[in-house]
Structure formats: C-alpha cells, structure tokens
Amino acid sequence: MGEASSSGLDGVVVADTNISDVDGERGHLVIAGSPVEQLATQHGFETVAARVLAAGGHTIDPGAFRSLLGRAREVAWELIPRLGDALDAADGMEALRASLAHLRASGEDGADAVAAIGSAAVYAAAWSRKRAGQVPIAPSAQLDHAADYLRMSRGTTPSPEAVRALDAYLVTVIDHGMNASTFTARVITSTGSDLISAIVGAVGALKGPLHGGAPGPVLDMLDAIGKPAQAESWILDELAAGHRIMGMGHRIYRVRDPRAAVLETAVKALASDRLELARAVEQAAAKILRERKPDRPLAANVEFYTAVLLDGVGLPREQFSPTFAVGRVAGWSAHVIEQRRTGRLIRPGSRYVGGLTAI
Ligand code: COA
C-alpha cells in the first residue's frame with residue numbers, strides 16, 4: 001500500500017491488476033488488454049466477461065461461458081420462491097443486494113462468479129417487473145445475456161438494435177479500475193471470505209448516489225429542459241441554485257470520459273428522440289462549466305449517455321443502477337479472483353486525530 005495523504009485516499013495504489021487501466025489525463029480505458037472502444041463495438045458481453053475473468057486468473061472459453069451463464073440464469077430463476085420479500089424492496093439496488101445475499105457460496109470462485117453474473121440479470125429484471133405490477137418472466141438459456149435481460153425486463157422480444165446497444169453498455173461498464181465498489185469486493189475477498197459475500201458488499205457500495213446513481217437524475221434533467229434552446233438557461237438556473245449538473249465531471253477523468261463517446265455512438269442506432277437534446281445539453285453544460293471552472297475540466301461522464309441509452313432500449317429509470325450492476329458484476333468477480341491469488345489481507349491505516357483524556 002502507498003501512503004495516504006491527510007486529504008484522502010485518492011490515487012493510492014492498493015493492488016497490481018491485469019483487469020483494467022484508467023488513464024484519466026488522456027481519457028483512455030483499457031479492459032483486459034483492449035481499448036473499451038474496440039471491445040464495445042466488436043464483442044458481446046459474454047466474450048468480454050470471459051476475457052475479464054481470464055485477466056483476473058480464471059480462464060474460461062467464451063462459448064462454454066455463454067452456456068454456463070444461460071444455465072445460471074435458469075438456476076437463479078428457480079431460486080426466486082426462496083428469496084423471501086427481497087424482490088419487493090422499493091429500491092432496485094436494495095432488492096439486488098437482498099436477493100444476491102441468498103446465493104450459497106460454493107467456495108469455488110469460478111462457479112460462484114457465473115452464478116452471481118447470471119443471478120444479477122434475473123433478479124434485476126424480476127424486481128423491475130414486480131415494481132411495475134407485472135409478472136416476472138423466466139429466463140431463456142438459449143439467448144445471449146443482453147437479449148435475455150431485455151426480454152425478461154420488458155416482456156417482449158427486443159429489436160436487434162436494442163440488444164446491440166445494451167450489449168455495448170454492459171461491455172462498457174464491465175470494469176473501471178479501483179473504483180469504490182471494486183475496492184469493497186477486494187477488501188472482503190482479502191479477509192478470505194467468499195465471492196458471493198464480496199459481490200453483495202460491492203452492490204452495497206454501488207448503491208450510493210455518488211457511485212452508480214446519476215443516470216436516473218440525468219434523464220430527469222433532460223425531461224426538465226425539454227428543448228435544446230432551453231438548455232443554457234436551465235443549467236445557469238441550476239448552478240445558481242447551488243446544484244451540480246448530473247452526468248458531468250469525474251474524479252479521475254480530466255477530459256471527456258471515453259465511455260461517454262462509446263455510449264453516444266451506440267445510442268445513434270436506436271434513433272432515440274432524446275439524443276439531439278442530450279447533445280445540446282452536454283455542449284451547453286461543458287461551455288458553462290468551462291467558463292465557471294477554467295482550472296477544473298468538467299466534461300461528460302459515463303452516466304450522461306447511459307441515461308439516453310438505457311431509456312432508448314426501453315428500461316425504466318429506476319432500473320438504471322441495477323443494470324449497471326448487471327454489467328459490473330463480471331468485473332467485480334474478476335477482481336475477487338485476482339485478489340484471492342495475492343492472498344494478502346488489505347488493512348489500511350488511519351491517523352488518530354482525537355485527544356487523550358484521563359477518565
Ligand atoms: N456540476 C457543477 N459543478 C461541478 C460538477 C458538476 N457536475 N462536478 C464538480 N463540480 C465542481 C464542484 O462544485 C467543485 O467546485 P468548488 O471547488 O467551487 O467547490 C469542483 O467542481 C471540484 O469538484 P469535486 O467535488 O472536487 O470533484 P469530485 O472529483 O469530488 O467529483 C463527481 C466528481 C463525479 C462526484 C462530481 O463531478 C459530480 O458530482 N458530478 C455530478 C454527479 C455525476 O454525474 N456522478 C456520476 C459520476 S460517474
């Protein structure tokens with residue numbers, strides 16, 4: 001572990017990893033050895049998830065992974081009657097955390113990873129349907145993961161364009177360096193605990209609005225703005241009220257988040273009527289924030305076009321954060337596997353700043 005400064009843990013290196021690399025200055029993201037732009041346009045979720053798991057240390061053939069994942073969705077579905085009221089939670093991340101907690105850890109990380117990845121999709125979709133007063137839909141092991149997730153969520157066969165766009169999204173968010181939820185998963189693993197516990201903890205970390213919760217509010221913002229011509233005045237009012245512009249700014253990136261460009265391209269194929277508005281809002285926000293904060297580059301982050309994409313494929317905004325977890329669970333799993341190989345307990349220090357009082 002490196003030294004933490006008194007101002008925080010930003011940038012402290014806590015692990016060597018093969019899984020992904022975030023270059024915040026240049027705006028590059030490499031996942032399992034390939035640029036995110038290449039992965040998201042040329043490969044589907046199963047292929048990239050298998051690569052990410054292999055980068056973590058669990059080699060698995062993508063074809064075999066695809067059929068194991070289909071079976072894992074079926075097993076997750078069969079477990080639903082034993083989830084108690086987990087899927088009745090008002091919040092989708094709470095439902096996901098509670099339902100995944102029911103999975104039994106086998107103690108074999110590779111098998112548990114497949115179970116967790118399959119289950120996250122089934123439970124996020126089932127929760128969303130229950131929330132809307134609809135009956136959950138059983139998985140189909142023959143379909144690709146993205147196609148099955150959309151079908152289980154919407155109840156209809158999705159268009160190939162929608163499946164491709166969702167696939168690009170799941171690949172794009174599959175891993176992103178040592179973010180808060182990934183670190184959580186690694187800390188839990190480092191104690192010798194099991195993969196399912198690590199995933200449940202990671203879901204808890206992702207639930208926080210500073211980590212995975214902005215795409216819903218981005219959509220609210222686009223709705224409130226309504227027309228491109230109103231973008232500038234709405235943003236000025238919002239900043240005057242002391243609010244932040246959702247979907248803008250990032251802790252690591254000092255340029256536009258590369259994932260924003262990947263998702264913006266993927267949205268084009270959907271003919272979403274929100275794309276033109278989103279671009280106008282991004283331009284206006286970037287211009288105003290540049291003027292206000294010339295020393296602090298604040299550009300679009302992944303969540304800006306996530307909102308447009310997930311809305312465009314027909315998912316309700318309440319399901320956006322759980323859908324982030326449906327992709328990221330593969331990255332978390334790879335980190336668990338990689339962390340296990342180091343066998344070292346993560347035990348950061350703290351600086352005591354209290355006094356000493358004789359009692
Ligand atoms: N809109 C307006 N101002 C913003 C801003 C935004 N989206 N993001 C940062 N700023 C401002 C802050 O107010 C701060 O100004 P100050 O120095 O006058 O107080 C300055 O930029 C630096 O912000 P800071 O809080 O240090 O940045 P951070 O690295 O902690 O924040 C985020 C990163 C992502 C939390 C932040 O940019 C944000 O809240 N964005 C909106 C929410 C969002 O899109 N989250 C998804 C992230 S993937």
Side-chain angles (χ1 to χ4, degrees), residues 1-24 29-33 49-60 93-94 96-120 173-208 210-212 251-252 324-325 327-354 356:
M1 284 232 171
E3 272 295 303
S5 74
S6 59
S7 60
L9 286 164
D10 282 11
V12 173
V13 172
V14 295
D16 289 338
T17 184
N18 274 314
I19 303 168
S20 68
D21 182 42
V22 183
D23 179 341
L29 170 60
V30 169
I31 301 174
R51 279 197 195 194
V52 162
L53 290 172
H58 178 70
T59 305
I60 184 160
M93 292 302 283
E94 190 172 338
L96 202 54
R97 193 234 309 127
S99 53
L100 290 174
H102 281 75
L103 300 181
R104 292 262 153 76
S106 72
E108 205 277 290
D109 286 340
D112 288 347
V114 176
I117 299 167
S119 301
V173 300
I174 204 162
D175 199 58
H176 198 245
M178 194 57 68
N179 57 85
S181 55
T182 299
F183 183 52
T184 304
R186 289 191 78 125
V187 170
I188 293 173
T189 307
S190 83
T191 69
S193 185
D194 60 89
L195 181 141
I196 302 299
S197 299
I199 299 302
V200 170
V203 170
L206 188 65
K207 181 171 182 284
L210 294 185
H211 191 358
R251 177 58 64 85
I252 305 287
F324 187 165
R328 182 58 62 84
V329 63
W332 292 331
S333 299
H335 279 274
V336 167
I337 291 163
E338 189 177 61
Q339 178 64 39
R340 180 96 58 218
R341 287 154 63 109
T342 78
R344 183 151 176 82
L345 178 70
I346 297 176
R347 196 344 185 149
S350 54
R351 184 174 291 120
Y352 176 65
V353 293
L356 187 62

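Residue numbers run from 1 in the order of the sequence given.
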Is a donor on one side and an acceptor on the other found under 3.5 Å between the side chain of S20 and the backbone of G177?
-> yes

Any D109 side-chain heavy atom under 4.5 Å of H58 side chain = no

Nearest atoms (heavy-atom pairs only) where M178 meets V14 = CG-CG2, 3.7 Å

Side-chain donor/acceptor of S190 to backbone N/O of V187, under 3.5 Å | yes

Find out whether L29 and D21 are in side-chain contact, i.e. whether some heavy atom of one side chain is under 4.5 Å from a heavy atom of the other.
-> no

Which heavy-atom pair separates V329 from A120 by the least distance, and what is that distance?
-> CG1-CB, 4.2 Å

Taking every heavy atom of H176 against every heavy atom of N179, the minimum-distance pair comes out as O-ND2, 3.1 Å

Rounded to the nearest 0.5 Å, what's the gap from OG1 on T189 to CZ on R344? Could you check?
-> 15.5 Å

Would you say the side-chain atoms of T184 pair up with the backbone N or O of A180, donor to acceptor, closer than 3.5 Å?
-> yes

How far does NE2 of H211 sit from CE of M93, to the nearest 0.5 angstrom?
-> 8.5 Å

Could you tell me which residues satisfy salt bridge (charged side-chain N to carboxylate O under 4.0 Å, His left out) with E94, sequence neighbours excluded, listed by chain and number?
-> none

Distance, nearest 0.5 Å, that separates CG of L195 from CD of E108 | 9.5 Å

Heavy-atom check, side chain of Q339 versus side chain of T342, under 4.5 Å | yes

Could you give the distance from CH2 (W332) to CD1 (I337), rounded to the nearest 0.5 Å?
-> 14.5 Å

Using modelled atom types only, decide if a donor and an acceptor are shared between the side chain of D194 and the backbone of S106 within a distance under 3.5 Å.
-> no

How far apart are the closest heavy atoms of S193 and I188, and which atoms are they?
-> CB-O, 3.4 Å

Euclidean distance, E338 CD relative to R186 CZ, rounded to 0.5 Å = 4.5 Å

Could you tell me which non-hydrogen atom of A325 sits nearest to which non-hydrogen atom of L96, and how far apart they are?
-> CB-CD2, 3.5 Å

How far does CZ of R97 sit from CD1 of I199, to the nearest 0.5 angstrom?
-> 15.0 Å

Closest non-hydrogen atom pair, I196 against L100 = CG2-O, 3.6 Å

